[in-house]
Amino acid sequence: MVLKERLSLAASMVDKGHIPADIGTDHAYLPVYLVQKGICRRAFACDIKKDPLEKGRQNIALNHLEDKIETRLSDGLKGVGENEADTFIMCGMGADVIIHILSSCPYIFNERYTLIIQPMSKYYTLIEWLYKNGFHIILHRCTSEGERNYTVFKAKYVGKVKEFSPADTYVGKMDLQDSECRKFLKKEILKAEKRSLGDKSLLPLINELKEKLK
Ligand SMILES: C[S@@+](CC[C@H](N)C(=O)[O-])C[C@H]1O[C@@H](n2cnc3c(N)ncnc32)[C@H](O)[C@@H]1O
């Protein structure tokens, strides 16, 4: 299994020996890769819909990993018990869906779990939710596939609500010297500039972000 840049970056954040549950797995590329590479002994591949889960099941079977990767038809984390997995991967879904998944899970507010998240939209709303709910970002990187830019972050519950400004939710823990992070943030500033045509309250945020990129 060869992963493209987006999923490869997410996979690189999984700690060796951990047991991941890939939520919204679809094709199950991530769990197959993690088990095939020996990064994880076991994994869960979960999806809310039958057809994507079936695609995942077929990919798992094609790679002869049925005894190591369990598929679950599950809305978010509802189908994964609190002692079954220690890492929850949520890639390729919108921030609002990921926020809904996290806020519907009563056991996620615990330092024993690691979250690896790659939101497709409005990643800053997810970072705001994490900060407001006692999570810290411990690793934050960006990558691209052709013209598309992606951000991936790893978070843990620490039980302390972080003080933050709107710009902090855009920057997270990105290394602003890193070319991929700079490219990602520049595009986000452009999007915010477009929105600011109808919402002038975004202008101080845009100026602060531009200042940070200098
Ligand atoms: C675009 S695919 C992403 C697949 C893969 N994670 C990736 O990043 O390439 C999004 C998947 O999330 C699933 N999904 C959406 N909401 C979900 C939820 N609440 N719980 C579990 N899966 C969900 C969809 O059925 C779909 O298969």
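Just so you know, ligand 1 is whichever comes first in the structure, and atom 1 is the first atom listed for that ligand.
Glu128 and Lys132 are joined by a salt bridge, as a carboxylate oxygen and a charged side-chain nitrogen come within less than 4.0 angstrom of each other.
Using a 4.5 Å cut-off on side-chain heavy atoms (C-beta onward), Lys156 and Thr114 make contact.
Less than 4.0 angstrom separates some heavy atom of Val97 from each of these atoms of ligand 1: 16 (N). Remark: ligand 1 atoms within the under-4.0 Å shell around heavy atoms of Leu7 are 8 (O), 9 (O). Contact atoms of ligand 1 toward Gly76: 18 (C), 19 (N), 20 (N), 21 (C) (distance under 4.0 Å to a heavy atom of the residue). The atoms of ligand 1 that sit less than 4.0 Å from any heavy atom of His27 are 4 (C), 5 (C), 7 (C), 9 (O). For ligand 1, the atoms sitting less than 4.0 Å from at least one non-hydrogen atom of Ser74 are 20 (N), 21 (C), numbered in the order shown with element in parentheses.
Distances from atom 19 (N) of ligand 1 to the heavy atoms of Leu53, Asp75, Ile89 show the closest one on Asp75. Of the candidates Met93, Arg6, Gln118, the one placing a heavy atom closest to atom 8 (O) of ligand 1 is Arg6. Residue Gly24 holds the heavy atom nearest to atom 4 (C) of ligand 1 of all those in Gly24, Gly79, Gly92.
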Result block: side-chain N/O donor-acceptor pairs under 3.5 angstrom for residues 35-48, not counting sequence neighbours:
| from | atom 1 | to | atom 2 | distance (Å) |
| --- | --- | --- | --- | --- |
| Gln36 | OE1 | Met1 | N | 3.0 |
| Gln36 | NE2 | Asn63 | OD1 | 2.8 |
| Asp47 | OD1 | Lys49 | N | 3.0 |
| Asp47 | OD2 | Thr25 | N | 3.4 |
| Asp47 | OD2 | Asp26 | N | 3.1 |

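Ligand 1 has an N or O atom lying under 3.5 Å from an N or O atom of Asp47, backbone or side chain. No N or O atom of Pro52 sits closer than 3.5 Å to an N or O atom of ligand 1.
Protein heavy atom in closest approach to atom 22 (N) of ligand 1: Ile48 N, 3.2 Å. Looking from atom 2 (S) of ligand 1 to the surrounding protein, the closest heavy atom is Asp26 OD2, 4.0 Å.
Side-chain atoms of Glu145 come within 3.5 Å of backbone atoms of Arg6 as a donor-acceptor pair (strictly under, hydrogens ignored). Side-chain atoms of Ser74 come within 3.5 Å of backbone atoms of Gly76 as a donor-acceptor pair (strictly under, hydrogens ignored).
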Under the side chain to side chain donor-acceptor pair (under 3.5 Å) rule, what do Glu5 and Ser144 come out as? Steps first, then yes or no, please.
CA-CA 7 Å; Glu5 287 81 351; Ser144 23; over 6 Å; no
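For Leu30, no heavy-atom contact with ligand 1 is shorter than 4.0 Å.
Remark: Lys187 NZ is packed, more than 12 non-hydrogen atoms of other residues, nucleotides or ligands lying under 6.0 Å away.
In summary, the aromatic rings of Phe135 and Phe109 are positioned with their centroids under 6.0 Å apart.
With no hydrogens or angles considered, no side-chain donor-acceptor pair links Asn149 and Lys183 at under 3.5 Å.
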